[in-house]
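See below for the structure under consideration.
These values consider heavy atoms only, across backbone and side chains, with no hydrogens, waters or symmetry-generated copies.
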Amino acid sequence: MTPTLIMYSRTSSCPFIMVAKRVLNDHHVAYHEVYIDQDDALRQRVLDWTGFLSVPTLIVSDNGSLLPISAPAPLDKGRSPRGVDRGSMITEPSQDELTRWLHKHGLINEIENAEF
């Protein structure tokens, strides 16, 4: 099955959302964006996953599900999820972190111009 990328976001943009959208658009990666400020269940889901209302939180899902294909690696309580590759999930990634994560999941084939 082809993985689906879901981006948990909010309607008002922020620098992390802008970076994620730029990376996804530059690499022509299709994604489905859902807004935690328009759906209480989605808001709670991100809070449960990250401990914060951290956006963007990106997940790899199957068949367009809004849940990750596998349980994300746990975070220590109170630890920031920023840029942490949790397997099927990454939250508030930098350009390089997101590029590596997308490549790992087969959503992009090549990593070009990334500064690691």
Side-chain angles (χ1 to χ4, degrees):
M1 290 185 195
T2 303
T4 301
L5 183 63
I6 308 295
M7 180 165 60
Y8 285 75
S9 187
R10 65 174 176 244
T11 54
S12 59
S13 194
C14 74
F16 290 107
I17 293 171
M18 292 185 321
V19 165
K21 286 183 176 186
R22 185 179 69 242
V23 169
L24 296 171
N25 290 332
D26 286 352
H27 289 284
H28 308 289
V29 176
Y31 63 96
H32 177 67
E33 189 171 12
V34 295
Y35 302 99
I36 69 168
D37 56 348
Q38 294 182 339
D39 186 313
D40 290 339
L42 298 178
R43 179 182 180 279
Q44 187 61 48
R45 186 174 293 158
V46 168
L47 187 59
D48 291 344
W49 285 335
T50 69
F52 304 91
L53 295 177
S54 300
V55 292
T57 291
L58 297 108
I59 66 161
V60 176
S61 71
D62 276 332
N63 297 326
S65 166
L66 295 181
L67 298 173
I69 57 173
S70 59
L75 286 171
D76 292 334
K77 185 170 178 73
R79 179 179 179 205
S80 171
R82 185 172 293 161
V84 177
D85 179 344
R86 299 177 62 198
S88 60
M89 177 182 295
I90 193 165
T91 300
E92 296 179 346
S94 69
Q95 176 179 334
D96 293 341
E97 291 163 341
L98 181 54
T99 301
R100 284 192 300 266
W101 186 82
L102 292 167
H103 183 261
K104 178 179 106 173
H105 288 286
L107 296 167
I108 60 174
N109 294 323
E110 295 181 25
I111 300 177
E112 295 179 5
N113 302 323
E115 298 175 15
F116 301 165

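Under the salt bridge (Lys or Arg N to Asp or Glu O under 4.0 Å) criterion, no residue pair touches residues 49-60, with sequence neighbours excluded. Residue pairs meeting the ring-ring contact (aromatic ring centres under 6.0 Å, His included) criterion with at least one partner in residues 62-94, sequence neighbours excluded, do not occur; the list is empty. Residue pairs meeting the ring-ring contact (aromatic ring centres under 6.0 Å, His included) criterion with at least one member in residues 54-84, sequence neighbours excluded, do not occur. Sequence neighbours left out, the pairs with a member in residues 78-104 that pass ring-ring contact (aromatic ring centres under 6.0 Å, His included) are Trp101-His105.
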- request: Start with the C-alpha gap between Gln38 and Arg43, add the side-chain angles, then the distance that decides, and say whether side chain to side chain donor-acceptor pair (under 3.5 Å) holds.
  value: CA-CA 8 Å; Gln38 294 182 339; Arg43 179 182 180 279; over 6 Å; no

message: Checking Leu24 against Leu107 for the side chain to side chain contact (heavy atoms under 4.5 Å, CB included) test, could you report, in this order, the C-alpha distance in whole Å, the side-chain angles of both residues, the deciding distance, and whether it holds?
response: CA-CA 10 Å; Leu24 296 171; Leu107 296 167; over 6 Å; no

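Grouping Ile, Leu, Val, Met, Phe, Trp and Tyr by side-chain contacts under 4.5 Å, direct or through others, leaves Tyr35 on its own.
Within the 4.5 Å cutoff, the side chain of Val34 has heavy atoms near those of the Ile6 side chain. Residues Val55 and Ile36 have side chains in contact (heavy-atom distance under 4.5 Å, counting atoms from C-beta outward).
For Thr91, the side chain to side chain donor-acceptor pair (under 3.5 Å) partners at least two apart in sequence or on another chain are Thr57. Qualifying side chain to side chain donor-acceptor pair (under 3.5 Å) partners for Ser94, counting only residues two or more places apart in sequence or in other chains: Glu97. Every residue two or more places apart in sequence or in another chain that forms a side chain to side chain donor-acceptor pair (under 3.5 Å) with Asp48 is listed here: Gln44. For Asp26, there are no salt bridge (charged side-chain N to carboxylate O under 4.0 Å, His left out) partners, not counting sequence neighbours. The side chain to side chain contact (heavy atoms under 4.5 Å, CB included) search around Asn25 returns Lys21, Tyr31, not counting sequence neighbours. Remark: Ser12 pairs with Arg10 by the side chain to side chain contact (heavy atoms under 4.5 Å, CB included) rule, at least two apart or across chains.
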Could you list the donor-acceptor pairs under 3.5 angstrom formed between side-chain atoms of residues 66-87 and any protein atom two or more places apart in sequence or on another chain?
from  : atom 1 : to     : atom 2 : distance (Å)
Ser80 : OG     : Arg82  : N      : 3.1
Arg82 : NE     : Glu92  : OE1    : 2.8
Arg82 : NH2    : Glu92  : OE1    : 3.2
Asp85 : OD1    : Gly87  : N      : 2.8
Asp85 : OD1    : Lys104 : NZ     : 2.9
Asp85 : OD2    : Lys104 : NZ     : 2.9
Arg86 : NE     : Ala73  : O      : 2.7
Arg86 : NH1    : Trp49  : O      : 2.8
Arg86 : NH2    : Trp49  : O      : 3.3
Arg86 : NH2    : Ala73  : O      : 2.9

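Separating the CG atom in Asp40 from the CZ atom in Arg45 is a distance of 12.0 Å, to the nearest 0.5 Å.
Side-chain atoms of Thr50 come within 3.5 Å of backbone atoms of Val46 as a donor-acceptor pair (strictly under, hydrogens ignored).
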